[in-house]
Amino acid sequence: MGRIPARPFDLDLDPGRTALIVIDMQRDFLEPGGFGESLGNDVTHLQAIVPATQRLIAGFRSAGLPVIHTRECHQPNLSDCPPAKRLRGAPGLRIGDDGPMGRILIAGEPGAEIVPDLSPIQGELVVDKPGKGAFYATGLGEHLARLGISQLAFAGVTTEVCVQTTMREANDRGFECLIAEDATASYFPDFKKAAIDMMTAQGAIVGWAAPVDAILEALGETSRETAVPLAPEGV
């Protein structure tokens, strides 16, 4: 058991029941020419967290704890993308349209892939999700139940949209949730701060927040304990 100095108060990490979820670190969101930039956003805000996210992933891998990746993307026929979601942004640069990295946010296209520096390794689950939250229309909940997970650490983008939505989904399902403050980002820094403040307010109403170094230190304290075995891909 490792104790993480977190806000609003310290969190005890149970290594046998903890997993990391890395949200939507995809080329379409982080790289020039992708969907994020097509909406007028500065992608350098998201690129800046790649090193910290790398360190966090490496720490979980070293401790033998599950690492789960998500990608927001849709079927090529857009059957899982309602018009209310698709018909936003600049015409010609919407979900399903052709972009510099293939069709925007379409499963199997280059832009929907996770950036190379954070690529999943063999045995790590990758969840393709059609919504903002990673539990909606996916098998994530069932996968976590099979692993016996009760605590979730979160990294990824964007803090106030897909990360926050997934944390709130997880909280409602009974998970203790921790966001890695320097391994998450928004195109709007003020939105990131507000999202984390909202989730940690009122006695961790949604969850806790801590820097990557504090999480890694706690993982180091628990690395000799028995970890949950990694399950094969397949959700």
Side-chain angles (χ1 to χ4, degrees), residues 1-25 49 52-70 118 120-121 123-127 129 133-136 138-157 159 162-184 195-231 235:
M1 186 78 69
R3 173 158 289 193
I4 301 174
R7 61 182 173 107
F9 52 87
D10 292 355
L11 174 66
D12 288 325
L13 181 74
D14 184 347
R17 296 184 176 275
T18 302
L20 171 64
I21 300 183
V22 184
I23 304 287
D24 298 357
M25 295 294 281
I49 67 164
T53 307
Q54 280 182 309
R55 292 194 301 114
L56 185 62
I57 291 172
F60 269 77
R61 288 172 178 166
S62 178
L65 302 182
V67 177
I68 298 167
H69 308 259
T70 76
L118 303 175
I121 63 173
E124 291 180 348
L125 179 70
V126 179
V127 177
K129 60 185 184 66
F135 288 87
Y136 169 69
T138 74
L140 177 59
E142 292 79 2
H143 180 74
L144 294 173
R146 289 194 296 270
L147 293 179
I149 297 297
S150 62
Q151 293 182 320
L152 294 171
F154 289 91
V157 299
T159 313
C162 294
V163 178
Q164 179 176 208
T165 300
T166 304
M167 277 190 65
R168 290 180 180 274
E169 288 181 327
N171 177 67
D172 283 348
R173 288 163 171 79
F175 294 94
E176 289 186 317
C177 300
L178 170 70
I179 187 168
E181 293 175 300
D182 45 341
T184 184
I196 295 176
D197 287 347
M198 285 188 291
M199 291 190 290
T200 57
Q202 303 179 76
I205 193 168
V206 175
W208 288 258
V212 167
D213 284 346
I215 300 171
L216 293 178
E217 185 173 348
L219 289 179
E221 294 174 8
T222 64
S223 61
R224 295 184 182 181
E225 299 184 35
T226 302
V228 176
L230 296 179
V235 171

| query | Hey, mind stepping through His143 and Ile68 against side-chain contact (heavy atoms from CB on, under 4.5 Å) and telling me if it holds? | reply | CA-CA 10 Å; His143 180 74; Ile68 298 167; 3.9 Å; yes

| message | Arg173: which residues meet the salt bridge (Lys or Arg N to Asp or Glu O under 4.0 Å) condition with it, sequence neighbours left out? | response | none

| request: Would you please name every residue forming a salt bridge (Lys or Arg N to Asp or Glu O under 4.0 Å) with Asp12, sequence neighbours left out? | output: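 If we apply the salt bridge (Lys or Arg N to Asp or Glu O under 4.0 Å) test to Asp12, skipping adjacent residues, the hits are Arg3.
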
| How long is the span from the OG1 atom in Thr200 to the CD1 atom in Ile179, to the nearest 0.5 Å? | 9.5 Å

| query | Roughly how far, to the nearest 0.5 Å, is CG of Asp172 from CZ of Phe135? | reply |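 The CG atom of Asp172 is 10.0 Å from CZ of Phe135, to the nearest 0.5 Å.
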
| message | Let's go through Ile57 and His69 carefully: what are the C-alpha distance in whole Å and the side-chain angles of both, what is the deciding distance for side-chain contact (heavy atoms from CB on, under 4.5 Å) to 0.1 Å, and is it a yes or a no? | response | CA-CA 10 Å; Ile57 291 172; His69 308 259; 4.3 Å; yes

| salt bridge (Lys or Arg N to Asp or Glu O under 4.0 Å) pairs, two or more places apart, involving residues 53-69 |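 Listed by first then second residue: Arg55-Asp213, Arg61-Glu124.
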
Which heavy atom in [X] sits nearest to a heavy atom in [Y], and how many Å separate them?
X	Y	result
Gly207	Pro8	O-CD, 4.2 Å
Gly156	Met25	CA-SD, 3.7 Å
Cys162	Ile23	CB-CG2, 3.7 Å
Asp10	Pro5	OD1-CA, 3.3 Å
Ala134	Val127	O-CG1, 4.3 Å
Ala153	Phe60	CB-CZ, 3.8 Å

| request: Decide yes or no on side-chain contact (heavy atoms from CB on, under 4.5 Å) for Leu178 and Leu13, but give the supporting numbers first. | output: CA-CA 10 Å; Leu178 170 70; Leu13 181 74; 5.7 Å; no

| With side chains defined as the heavy atoms from C-beta onward, is the minimum distance between Leu56 and Ile215 less than 4.5 Å? | yes

| query | Heavy atoms, side chains only, cut-off 4.5 Å: are Thr166 and Leu152 in contact? | reply | no

| task | Decide yes or no on side-chain contact (heavy atoms from CB on, under 4.5 Å) for Leu144 and Phe175, but give the supporting numbers first. | result | CA-CA 10 Å; Leu144 294 173; Phe175 294 94; 3.8 Å; yes

| Residues that Thr70 engages under side chain to side chain donor-acceptor pair (under 3.5 Å), provided they are two or more places apart |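 If we apply the side chain to side chain donor-acceptor pair (under 3.5 Å) test to Thr70, skipping adjacent residues, the hits are Asp24.
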
| request: Output all residues satisfying side-chain contact (heavy atoms from CB on, under 4.5 Å) with Ala195, sequence neighbours left out; order by chain, then residue number. | output: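 side-chain contact (heavy atoms from CB on, under 4.5 Å) list for Ala195, sorted by chain: Thr159, Glu160, Gln164.
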
| said: Going by side-chain contact (heavy atoms from CB on, under 4.5 Å), name the residues that satisfy it together with Glu176, two or more places apart in sequence or in a different chain. | reply: Leu11, Gln151, Trp208

| request: Using atom types as modelled and distance alone, determine if a side-chain donor or acceptor of Ser62 lies under 3.5 Å from a backbone N or O of Ala58. | output: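 No: the side chain of Ser62 does not pair with the backbone of Ala58.
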
| message | Between Thr184 (side chain only) and Ala180 (backbone N and O only), is there a donor and an acceptor less than 3.5 Å apart? | response |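 The answer is no, because no donor-acceptor pair under 3.5 Å joins these two groups.
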
